[in-house]
Q: 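Take this structure first; my questions come after.
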Amino acid sequence: MKKVLITGAAGFLGSHLCDKFINEGYHVIAMDNLLTGSLDNIEHLFPNKYFEYYHHDVSKFVHVPGNLDYILHFASPASPIDYLKMPIQTLKVGSLGTHNLLGLAKAKNARILVASTSEVYGDPLVHPQTEEYWGNVNPIGPRGVYDEAKRFQEAITMAYHNFHGLETRIVRIFNTYGPRMRVNDGRALPAFFSQAIKNENITVFGDGDQTRSFCYVSDLIEGIYKLLLSDYHLPVNIGNPKEITIKEIAEEVLRFVPHSTSKIINVALPEDDPKKRKPDITKAKTLLGWEPKVSRKEGFEITFQYFKQVLS
Ligand code: UDP
């Protein structure tokens with residue numbers, strides 16, 4: 001039985017990864033410090049004898065007894081309001097945390113996959129974003145703590161690969177949504193769904209002409225799984241290339257929630273908010289045979305039911 005360590009295991013993506021690896025027959029060691037994660041997301045896995053949970057901050061030395069085959073590093077505050085509130089922790093988990101996990105991977109002779117992000121492209125000047133694009137990041141802006149930590153993470157991961165011959169994988173994750181997102185994490189879809197359900201104003205930042213491309217969580221998890229098991233060590237974009245403006249997505253959410261009396265309003269646009277974002281997924285398609293399958297209609301239905309239940 002293969003053993004996998006998942007950091008950030010009680011978070012949105014981490015918890016879905018725990019489910020995936022348990023279902024695929026792995027022994028899962030889940031690690032989290034619950035800074036932004038919640039045990040509710042993994043509660044159902046505790047009875048499984050091949051699931052273990054460690055409460056630990058990976059910015060500090062990480063010890064795991066026994067052998068390890070894989071490490072997936074998904075610990076980090078990941079929404080703009082979270083990393084604004086926790087800038088130092090965000091920098092530490094992406095830098096010191098990644099360093100500790102690379103050291104652990106080396107000691108255990110394990111393969112490590114690190115969660116990078118479309119934020120490494122900053123406010124992109126190339127559209128759609130290919131993996132070859134180096135990005136347009138403001139290091140000292142409000143998003144710099146996350147963007148630069150993730151850029152450092154990619155650099156140190158490549159250094160461990162090149163210098164120590166470590167087996168490494170880097171996934172650049174684009175906007176993802178689905179059950180287990182925190183209602184109040186400040187991101188567009190949790191905000192819009194909860195506002196529409198509660199009949200509150202739907203807060204579109206700026207004029208809403210900025211674009212994003214939203215991927216349903218099960219598609220993303222499948223892409224990550226395929227990348228981990230592939231033999232490709234350079235960064236790979238995983239996301240849904242269907243681009244939409246934020247104004248349109250707000251209207252779509254509103255149409256989705258029956259009888260909502262919410263109105264869409266425009267509020268101030270946060271500093272350094274990227275104007276557009278859309279992954280070029282040619283690499284994922286050709287190298288991994290992966291592309292998203294879940295339509296927004298299907299993904300929205302499941303997500304709507306989730307938020308309705310959380311808010312009831
Ligand atoms: N956004 C918005 N209203 C909200 C939350 C977000 O209009 O209540 C916008 C935000 O300005 C950005 C887009 O939606 O342009 C996506 O924001 P999110 O925080 O979900 O992720 P980002 O892609 O910016 O990291």
Side-chain angles (χ1 to χ4, degrees), residues 11-13 36 74 76-87 90 94 115-124 127-129 135-138 141-151 171-217 220 237-254 256-257 260 262-279 296 299-300 303 307 311:
F12 168 46
L13 297 181
T36 57
F74 277 70
S76 179
S79 82
I81 60 164
D82 283 344
Y83 44 80
L84 268 179
K85 269 188 283 185
M86 297 171 264
T90 302
S116 187
T117 165
S118 53
E119 284 284 325
V120 300
Y121 302 121
D123 189 6
H127 195 74
Q129 292 79 56
N136 178 37
V137 169
N138 174 5
R143 289 174 178 252
V145 293
Y146 184 67
D147 301 7
E148 296 297 2
K150 292 293 189 180
R151 289 170 68 94
V171 58
R172 290 189 181 149
I173 298 170
F174 283 66
N175 294 67
T176 304
Y177 70 97
R180 302 187 193 153
M181 289 188 99
R182 276 175 19 246
V183 186
N184 55 355
D185 84 352
R187 283 190 277 198
L189 286 178
F192 296 168
F193 270 107
S194 62
Q195 289 161 342
I197 292 168
K198 294 194 285 183
N199 297 312
E200 292 171 355
N201 287 334
I202 296 186
T203 53
V204 166
F205 295 167
D207 55 16
D209 286 338
Q210 68 272 34
T211 69
R212 293 294 185 273
S213 310
F214 295 94
C215 186
Y216 185 65
V217 62
L220 186 95
N237 291 338
I238 299 283
N240 191 316
K242 284 217 173 78
E243 188 180 8
I244 185 167
T245 67
I246 293 304
K247 189 167 48 191
E248 285 165 332
I249 204 106
E251 287 161 0
E252 209 172 289
V253 169
L254 192 50
F256 218 86
V257 177
S260 175
S262 295
K263 303 253 169 316
I264 296 176
I265 59 162
N266 296 93
V267 298
L269 184 69
E271 198 183 330
D272 291 343
D273 198 287
K275 284 180 255 332
K276 48 190 174 178
R277 184 181 287 157
K278 167 187 163 123
R296 257 209 314 274
F300 267 30
T303 307
F307 284 128
L311 291 166

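Order of listing sets the numbers, starting from 1, for every ligand and every atom in it. It should be emphasised that the depicted structure is a prediction, and the values quoted were computed from it without experimental measurement.
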Q: Would you name the heavy atoms of R187 and A78 that are closest together and state the gap between them?
A: NH1-O, 3.3 Å
Q: Any chance the side chains of Q195 and T203 put a donor and an acceptor closer than 3.5 Å?
A: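 The answer is yes; a qualifying pair exists.
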Q: Could you tell me the residue and atom name of the protein heavy atom closest to atom 13 (C) of ligand 1, and the distance to it rounded to 0.1 Å?
A: I246 CD1, 3.5 Å
Q: Counting each atom of ligand 1 from 1 as listed, which ones have a heavy atom of E119 under 4.0 Å away?
A: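 Answer for ligand 1: 25 (O).
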Q: Run the numbers for me: atoms of ligand 1, each under 4.0 Å from some heavy atom of A191, listed by number.
A: 8 (O)
Q: Just let me know how L189 lines up against ligand 1, side chain, backbone, both or neither, with a heavy-atom cut-off below 4.0 Å.
A: neither
Q: For the side chain of N240 and the backbone of S213, is there at least one donor-acceptor N/O pair under 3.5 Å apart?
A: no
Q: Quick one: look up the protein heavy atom nearest atom 10 (C) of ligand 1 and list residue, atom name and how far away it is.
A: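 Answer, as residue, atom name and distance: D273 OD2, 3.3 Å.
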Q: Quick one: look up the protein heavy atom nearest atom 16 (C) of ligand 1 and list residue, atom name and how far away it is.
A: R212 NE, 3.7 Å
Q: What I want to check is whether the side chains of N138 and D272 have a donor and an acceptor closer together than 3.5 Å.
A: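 The criterion, which ignores hydrogens and geometry beyond distance, is satisfied for D272 and N138.
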Q: Quick one: does any side-chain atom of T176 pair with a main-chain N or O of F174 as donor and acceptor, under 3.5 Å?
A: yes
Q: Is the distance from the ring center of Y177 to that of F300 below 6.0 Å?
A: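 Ring centres of F300 and Y177 closer than 6.0 Å.
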Q: To check your reading of the model: name the closest protein heavy atom to atom 25 (O) of ligand 1, its residue, and the distance in Å.
A: R143 NH1, 3.4 Å
Q: Considering the heavy atoms of N175, write down every atom of ligand 1 situated less than 4.0 Å from one of them.
A: 21 (O), 22 (P), 23 (O)
Q: What part of P80, side chain from CB on, backbone N/CA/C/O, both or neither, has a heavy atom under 4.0 Å from ligand 1?
A: side chain
Q: What is the nearest protein non-hydrogen atom to atom 3 (N) of ligand 1, stated with its residue, atom name and distance?
A: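 Scanning the protein heavy atoms, the shortest distance from atom 3 (N) of ligand 1 goes to T203 O, 2.5 Å.
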Q: Closer than 4.0 Å to some heavy atom of V204 - which atoms of ligand 1 meet that?
A: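 With V204 as reference, the close atoms of ligand 1 come out as 7 (O).
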Q: Which heavy-atom pair separates A115 from I173 by the least distance, and what is that distance?
A: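 Shortest heavy-atom contact: CB-CD1, 4.0 Å.
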Q: What's the shortest distance from atom 1 (N) of ligand 1 to any protein heavy atom, and which residue and atom give it?
A: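 Result for atom 1 (N) of ligand 1: F205 CD1, 3.4 Å.
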Q: Can you tell me which portion of Q195 lies within the under-4.0 Å heavy-atom range of ligand 1? Options are side chain, backbone, both, or neither.
A: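 No part of Q195 is near ligand 1 at this cut-off.
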Q: Once you restrict to heavy atoms under 4.0 Å, what part of R187 touches ligand 1? Side chain, backbone, both or neither.
A: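 For R187, backbone and side-chain atoms both sit under 4.0 Å from ligand 1.
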Q: Could you give me the CA-CA distance, side-chain angles and deciding distance for R277 and N175, then say whether side-chain contact (heavy atoms from CB on, under 4.5 Å) is met?
A: CA-CA 9 Å; R277 184 181 287 157; N175 294 67; 2.8 Å; yes
Q: How close does the nearest protein non-hydrogen atom get to atom 20 (O) of ligand 1, and which residue and atom is it?
A: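 It is A188 N, 2.8 Å.
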Q: Does any N or O of ligand 1 fall below 3.5 Å from an N or O anywhere on Q210, backbone included?
A: yes
Q: Compare every heavy atom of D82 with every heavy atom of P77, then report the nearest pair and how far apart it is.
A: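 In terms of heavy atoms, the two residues are closest at CB-CB, 3.9 Å.
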Q: Can a donor-acceptor pair be found, under 3.5 Å and without considering hydrogens, that links the side chain of E148 to the backbone of V145?
A: no
Q: Does a donor on one side chain and an acceptor on the other come within less than 3.5 Å for N237 and Y121?
A: yes
Q: I'd like to know if G186 contacts ligand 1, where contact means a heavy-atom distance under 4.0 Å to any ligand atom.
A: yes
Q: Of all the atoms in ligand 1, which lie at a distance below 4.0 Å from a heavy atom belonging to F192?
A: 2 (C), 3 (N), 4 (C), 7 (O), 8 (O)
